[in-house]
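All values below were derived from every heavy atom in this structure, side-chain atoms included, with hydrogens, water molecules and symmetry-related copies excluded. Every chain is numbered from 1 and lettered A, B, ... according to where its sequence line falls, protein lines coming before strand lines.
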2 protein chains.
Amino acid sequence: MPSSTVEQYIKIIYTQQEHLGRSVVPMKRLSEAMGVTPGTATTMVKHLDDVKLVSYHPRQGVLLTTKGENLALRMLRRHRLIETFLEQVLGYDWSEVHTDAERLEHAVSDRFIDKLEQYLGYPDVDPHGDPIPSSSGSIESAISVPLNACGADRRVRIVRLLDDDPEFLVCMKSYLIFPGQEFILKNSSAITGTVTLEHSDTLKPVTIGYDAAGRILVSER
Amino acid sequence: MPSSTVEQYIKIIYTQQEHLGRSVVPMKRLSEAMGVTPGTATTMVKHLDDVKLVSYHPRQGVLLTTKGENLALRMLRRHRLIETFLEQVLGYDWSEVHTDAERLEHAVSDRFIDKLEQYLGYPDVDPHGDPIPSSSGSIESAISVPLNACGADRRVRIVRLLDDDPEFLVCMKSYLIFPGQEFILKNSSAITGTVTLEHSDTLKPVTIGYDAAGRILVSER
DNA sequence: GCTACGTATTTGACTAGTCAAAATATAGTA
DNA sequence: TACTATATTTTGACTAGTCAAATACGTAGC
Ligand SMILES: [Mn+2]
Ligand SMILES: [Mn+2]
Ligand SMILES: [Mn+2]
Ligand SMILES: [Mn+2]
């Protein structure tokens, strides 16, 4: 049975691998994401390689094995089902769910997660639009593009937000930017570095920065 | 912030103190309840004394301070609210709730517990009839007596079971022995060491051993 | 008062996870 | 090619929690 520390490393390696596109995750990246010193990450990664959860390429980086990927998906499943529960059932704000899920994910049993999933009615995404892996480990994300890579005058539907920062989330919610909401993309200017949207119901205009828009995934329609 | 290990020691010291009646809990007792060697318990208890959670009386035993008692009640509150949730909401059998609660209680935040309590409608006992301490730390248990200390031909209502063993609980449930059920106490014999009950609705008779009956608390009426 | 036995404490060793700081490799630049 | 900046690895040390086994108490019985 993996310790919560191991679980956390594996989950972070997965998300970093996904985020980097490239396959190997360098130690600096990993240590920063884990909040530990680089030396600590190196030591741990060697151990993870020993137990076949990752393959370690000295001086280059680390890569999940299939076994590691399975564990990562199980952790993501736990994390996202718990977040969904906290928001939909216990009434947390979506900016608060992440912190608590971060601890709970390491304390729940498989029985708990399977019953929770059933109780929630088999949701396929969490409050941030992150897809929830099935118990068999399959995961499918809706097709989407970053908001800053979208053509102007398009009608878009918010699909997912790639940021856990509570401040960011509170702010987005106040603009009605959360999964399911629809907007018209009025203007997207690489020169000024802004993206302007108009909510399809309220018609309220919102302007956000280019990099923030990069963390918002939408589907064009 | 106390570690989960510290939380567990404190909770166990509380329940042992309650169970022994006497105030100090000897090391042997504590180490057995914790599943560690006596030496380990001694070391830990000295540390708990340093941080003022217990007062340690060498070669006699250990005793919670007020600070320790507060922590213990917070843990009991968590444990019992979680057990209630697992049974009533997620549909666990009452024999399964204990194990999962044992881990979760160390991973939940105060926010979680308070929202959970609200969601559950402020229950005052858990599935085993154990009273749930309030957020301010007050706890009140219904007046009750052990079933083996009851006069015969009395009508009794099951209040609480003092045993976590899944096998015992599954068995009791099959006899309808769980909080709220009513029985007529037909016979209680110290000689044969048995207690015979009859369910007040189904009229089905049940005979259980004297010591098992000691772990069943009832209210006479 | 002395002995035995059971309980309690001490000691030394081990594991998982961590940091600080020194040593080393690598890749880019002059 | 030689130098330098940066990433990486190594080393030694530390903490929390644990066990096994040696040692020390304390009390009940003789
Ligand atoms: Mn985590
Ligand atoms: Mn999420
Ligand atoms: Mn516990
Ligand atoms: Mn209980």
Between [X] and [N], is there a side-chain N or O to OP1/OP2 distance below 4.0 Å?
X: A:T43; N: D:dT10; value: no
X: B:T40; N: D:dC19; value: yes
X: A:Y56; N: D:dT9; value: yes
X: A:Y9; N: C:dA16; value: no
X: A:T42; N: D:dT9; value: yes

Inspect the contact between [Y] and [X] and indicate whether a charged nitrogen and a carboxylate oxygen are less than 4.0 angstrom apart.
X: B:E32; Y: B:K28; value: yes
X: B:R77; Y: B:E117; value: yes
X: A:R78; Y: A:E83; value: no

Interface polar pairs with nucleotides 23-29 of chain C, N/O, under 3.5 angstrom:
from	atom 1	to	atom 2	distance (Å)
C:dA25	O4'	A:R59	NH1	3.3

Practice item. Please indicate whether A:Y56 has more than 12 foreign heavy atoms, meaning atoms of other residues, nucleotides or ligands, lying under 6.0 Å from its OH. Key: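 Result for OH/A:Y56: enclosed.
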
Roughly, in whole Å, what's the span from [atom1] in [X] to [atom2] in [N]?
X: A:M34; N: C:dA16; atom1: CE; atom2: C1'; value: 13 Å
X: B:H47; N: C:dT9; atom1: NE2; atom2: C1'; value: 18 Å
X: B:M44; N: D:dT18; atom1: CE; atom2: C1'; value: 10 Å
X: A:M27; N: C:dT18; atom1: CE; atom2: P; value: 13 Å
X: B:Q60; N: C:dA8; atom1: CD; atom2: P; value: 10 Å
X: B:H57; N: C:dT9; atom1: NE2; atom2: P; value: 12 Å

Check your understanding: Does one side chain, of B:T84 or B:D126, offer a donor that lies under 3.5 Å from an acceptor on the other?
Key ->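 Absent: no donor and acceptor within the cut-off.
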
Exercise for review: Determine whether the aromatic ring centres of A:H98 and A:H79 lie less than 6.0 Å apart.
Suggested key: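 A:H98 vs A:H79: aromatic centres under 6.0 Å.
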
Exercise for review: Verify whether the ring centers belonging to A:F85 and B:F85 lie closer than 6.0 Å.
Suggested key: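 Yes, the ring centres sit under 6.0 Å apart.
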
Exercise for review: Starting from the first five and the last five pairs of the helix from C:dG1-D:dC30 to C:dA30-D:dT1, work out the angle between the resulting helix axes, to 10 degrees.
Suggested key: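 About 20°, once rounded to a multiple of 10°.
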
Practice item. Among D:dG17, D:dT9, C:dT18, find the nucleotide with the atom closest to the side chain of A:V36. Key: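 Looking only at side-chain atoms, A:V36 lies closest to C:dT18.
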
Check your understanding: At their closest point, which heavy atom of B:V36 faces which heavy atom of B:A41, and how far apart are they?
Key ->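 Shortest heavy-atom contact: CG2-N, 4.2 Å.
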
Point to revise | Heavy-atom side-chain proximity of B:I13 to B:V62 below 4.5 angstrom | key: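 The answer is yes, as the side chains (C-beta and beyond) meet within the 4.5 Å cut-off.
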
